[in-house]
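So you know, we letter chains A, B, ... as the sequences are listed, proteins then strands, and number each from 1.
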Number of protein chains: 2
Amino acid sequence: MSGRTVTIAQVAKHAGVAVSTVSYVLSGKRTISADTRRRVLDSISALGYHPNAGARALASKRSNVIALVLPLRAGMHVPVLMRFASAVVTAARRFDHDVLLLTADEGTEGIRRVAASALVDALVLMDVELDDRRVPLLRELAEPSVLIGFPAEPAGLTCVDLDFAAAGARCVEHLAERGHEEIALLGAPSVVYDRGTGFATRTRDGFVEAVGDHGLKGVALPCEETFDEVYETVRDLFLDHPGLSGLVVHNEAAVSHVLSALRQLGRRVPHDVAVVAICPDDVAERAGPPLTSVLIPAEEVGREAVRLVMEKLEGRTVPDSTLLTPLLAVRAST
Amino acid sequence: MSGRTVTIAQVAKHAGVAVSTVSYVLSGKRTISADTRRRVLDSISALGYHPNAGARALASKRSNVIALVLPLRAGMHVPVLMRFASAVVTAARRFDHDVLLLTADEGTEGIRRVAASALVDALVLMDVELDDRRVPLLRELAEPSVLIGFPAEPAGLTCVDLDFAAAGARCVEHLAERGHEEIALLGAPSVVYDRGTGFATRTRDGFVEAVGDHGLKGVALPCEETFDEVYETVRDLFLDHPGLSGLVVHNEAAVSHVLSALRQLGRRVPHDVAVVAICPDDVAERAGPPLTSVLIPAEEVGREAVRLVMEKLEGRTVPDSTLLTPLLAVRAST
DNA sequence: GCCGGTCGTCGAAGCGCTTCGACACTCTCA
DNA sequence: TGAGAGTGTCGAAGCGCTTCGACGACCGGC
């Protein structure tokens, strides 16, 4: 089709118009007659023209690329991350943007680099910690950014996340409706709480508050991720709380271990103990038995983050904080 | 530090040299006196200069970005993917390149777009299928590419992967050494075999051949990923093969279900049945009991893919096929 | 003391695109 | 009928960088 890289000049020549006319056809920034437009578009597809990204970025000061900063760190819910990433890429494409992948271990320097070099127009950061080194940098950057998750001091930033407090509360509410009076939350590994990652803490707080509101007895524990540790945690839990009949699990890696442990301890789900998970749908569905769960709406969060960052790129103001309402899907475990 | 975007001209002025001199200091393509170099570098850091990526790409015809094409499709081993992605990003940075993330569901059009627009210099594709639509496109592209995985017809392409046939064989060998005479392979869900994904098939072939070589009895089955299906598969397996004492599991999502099923069937690991997994280390370590496993060397594969693609960018020729030797780590399950 | 050969630096010509101002038309309405 | 207001298109000026050819300055060898 092409003899190595077609330029806008060749398109213009082929269509018998000026270079600028082709550019305006593509951008729609000036009115072009229907006839001219058609000729130009025909030439574009006849020649197989694709605008050179570098030239476009240089002239327009827009690269049409956004950065996605992922944690890729121990203790993370990796499959969830992947879904976020996927959602962000898909959503970005709808706004005609591509996604540059940065790992957090490049640290703030990577962010500064891609921003200062105009490689990206905007940033989306995932797995933000309560006290995140990247946050001060974002404030001083000219490029708009959106965080997935909440730092301790979110003023002046744009943050999106599942409303984890509501998710914790929703699980409690569900168990209360089912008549359970003594329940427990098995959460993230303790290192995640120590690091001050928001979502774990917020789920716990929501859980604890809802337990009070419903007049239940409840306990919240961190939960490691090896089978043996999970087994011990679950065993001890029932030793300490013999009346326990409901369990909320907010730890994707531990979910199947918890179920195995219950089986081994001779506690049937849902007959002896009801289990609600906060995890991606596919994990809940694959479990035995399939789990009632609050799904983590990765796609929705990713899409929303991109929408917000695009709004900001357009210069519009957006809400500082967007919390997505948790949805509970009832399955065989409660 | 800066009053909005520093250009090379400002650096040149600050250092009292020509623009081209600054460029040569940065690229090292011409000799520069130590003294001049120092002054230029000082000015660069004093002004906080970062070269504009678009301008650089336009002038040099190199964007210093490589595309990473991920599957993000049902039935994939997502955490493994993430490690590949992470490894690719880290390795690319060492070559001073960034990584643009493409999802396979954009299809060939996305690949064509980023290549034709010179957004990327090269491509790394993951999870290549035996009959992959993207492969013909890669052959006609001017940009170099490397595949992680093997298509049916790899001639003229550069492919990297774990040697899954050897991995399957290695597991058999290990079980044979331990004195097991009748063993089974639980593999990927049948949809993965149907799709013709190479790694599943190659593991199975390696397994089957090694079973013959060692004079064992062996059977290879696909394995779905819900607990109930896994349970049935495992139960029926032992009904059909009462003498079975060794199991190879090549399905990350099913690993913990298999162990639960064995527990429920009253078969102790490793006493009654030995289990070897082909999966990432952390999954094997977290299982109960920790599993002897052939690890999937995601980091190494990713690093190697990047190294190869950089070699090709430099115009050097590289081997068509790179197979990484599997390593078996013995843990408590055999 | 002159010639050829580095060495270190400079100026200028692009790279392919967007965008601004200009200009030739065609309408509209006083 | 002519001023004013659009329309549709063009040419040219950059955007910030790399790279090519040129050119002094300095070197050693004869």
Side-chain angles (χ1 to χ4, degrees), chain A residues 2-41 43-44 47-65 96 113-119 121, chain B residues 2-41 43-44 47-65 96 113-119 121:
Chain A
S2 69
R4 220 59 297 150
T5 80
V6 185
T7 72
I8 197 172
Q10 294 172 37
V11 173
K13 194 163 166 192
H14 186 273
V17 297
V19 163
S20 48
T21 302
V22 176
S23 179
Y24 286 125
V25 166
L26 253 20
S27 70
K29 293 193 179 174
R30 288 210 181 166
T31 46
I32 296 287
S33 69
D35 177 54
T36 305
R37 181 205 278 357
R38 281 249 310 114
R39 263 187 309 138
V40 168
L41 292 177
S43 298
I44 284 175
L47 300 176
Y49 169 66
H50 287 263
N52 179 293
R56 188 185 276 236
L58 178 57
S60 69
K61 315 209 156 301
R62 282 293 186 87
S63 66
N64 276 31
V65 174
D96 198 33
R113 181 174 52 81
V114 296
S117 67
L119 226 188
D121 296 335
Chain B
S2 70
R4 220 62 293 156
T5 80
V6 184
T7 72
I8 197 173
Q10 294 173 38
V11 173
K13 194 163 166 192
H14 187 273
V17 299
V19 163
S20 48
T21 302
V22 176
S23 179
Y24 287 124
V25 166
L26 253 21
S27 70
K29 294 193 178 173
R30 287 209 182 167
T31 46
I32 297 286
S33 69
D35 176 55
T36 305
R37 181 207 274 3
R38 281 249 311 113
R39 264 187 307 139
V40 169
L41 291 176
S43 297
I44 285 175
L47 299 175
Y49 169 67
H50 288 263
N52 179 293
R56 190 188 275 244
L58 179 56
S60 68
K61 314 209 158 303
R62 281 292 186 88
S63 65
N64 276 30
V65 174
D96 198 32
R113 180 174 51 80
V114 296
S117 67
L119 226 190
D121 296 334

Completion exercise
To the nearest angstrom, the CG-P distance between A:Leu119 and D:dG16 comes to 16 Å
Exercise for the section: Compare side-chain N and O positions of B:Ser33 against OP1 and OP2 of C:dT9 and report whether any pair is under 4.0 Å apart. Expected result: yes
Problem - Option passing side-chain contact (heavy atoms from CB on, under 4.5 Å) with A:Tyr49 (candidates A:Leu41, A:Val40, A:Ile8) - result: A:Ile8
Handout entry: Student check: side-chain heavy atoms of A:Val65 and B:Leu119 closer than 4.5 Å
Key = yes
Fill in the blank from the handout: To the nearest angstrom, the NE2-C1' distance between A:His50 and C:dC15 comes to 19 Å
Exercise for the section: Look at A:Lys61 and C:dT18 and indicate whether a side-chain polar atom (N or O) is within less than 4.0 Å of OP1 or OP2. Expected result: no
Fill in the blank from the handout: Of B:Ala34 and B:Ala59, the one whose nearest nucleotide on DNA chain C sits closer to the 5' end is B:Ala34
Handout entry: N/O donor-acceptor pair, side chain B:Arg30 with base C:dT9, under 3.5 angstrom
Key = yes
Practice task
Report yes if the side chains of B:Ile44 and B:Leu26 come closer than 4.5 Å at any heavy-atom pair, otherwise no.
Solution key: yes
Exercise for the section: May I ask you to say what A:Thr31 touches in the nucleic acid, namely base, sugar-phosphate or nothing, with a heavy-atom cut-off under 4.0 Å? Expected result: base
Handout entry: Length of the line joining B:Ile44:CD1 and D:dC17:P, which is rounded to integer Å
Key = 10 Å
Exercise for the section: State whether a side-chain donor-acceptor pair under 3.5 Å links B:Thr36 with B:Ser33. Expected result: yes
Handout entry: Whole-Å gap separating C1' (C:dT19) and CZ (A:Arg62)
Key = 15 Å
Exercise for the section: Say whether, by atom type as modelled, one donor and one acceptor occur between the side chain of A:Ser43 and the main chain of A:Arg39 under 3.5 angstrom. Expected result: yes
Handout entry: Any donor-acceptor N/O pair under 3.5 Å between C:dG8 base and B:Arg39 side chain
Key = no
Practice task
Describe the nucleic acid contact of A:Ser60 in one word from base, sugar-phosphate, nothing, applying a heavy-atom distance below 4.0 Å.
Solution key: sugar-phosphate
Completion exercise
From CG of B:Asp35 across to P of C:dG8 the rounded distance in Å is 11 Å
Practice task
Would you check if the side chain of A:Asp121 reaches a backbone N or O of A:Arg62 as a donor-acceptor pair within less than 3.5 Å?
Solution key: no
Fill in the blank from the handout: Whole-Å distance, A:Asn52 CG to D:dC15 P, equals 18 Å
Practice task
Output the residues of residues 18-27 of chain A in contact with DNA chain C, where contact means a heavy atom of the residue under 4.0 Å from an atom of the strand; sort by number or write none.
Solution key: A:Val19, A:Ser20, A:Ser23, A:Tyr24
Problem - Polar side-chain atom of A:Asn52 near backbone of B:Ala118 as donor-acceptor pair, under 3.5 Å - result: no
Practice task
Nearest whole angstrom, please: distance from the P of D:dC17 to the CZ of A:Arg56.
Solution key: 21 Å
Completion exercise
Here the distance between atom P of C:dT19 and atom CG of A:Leu58, to the nearest Å, is 12 Å
Fill in the blank from the handout: When B:Gly16 and B:Ala55 are each assigned the nearest nucleotide of DNA chain C, the 5'-most assignment goes to B:Gly16
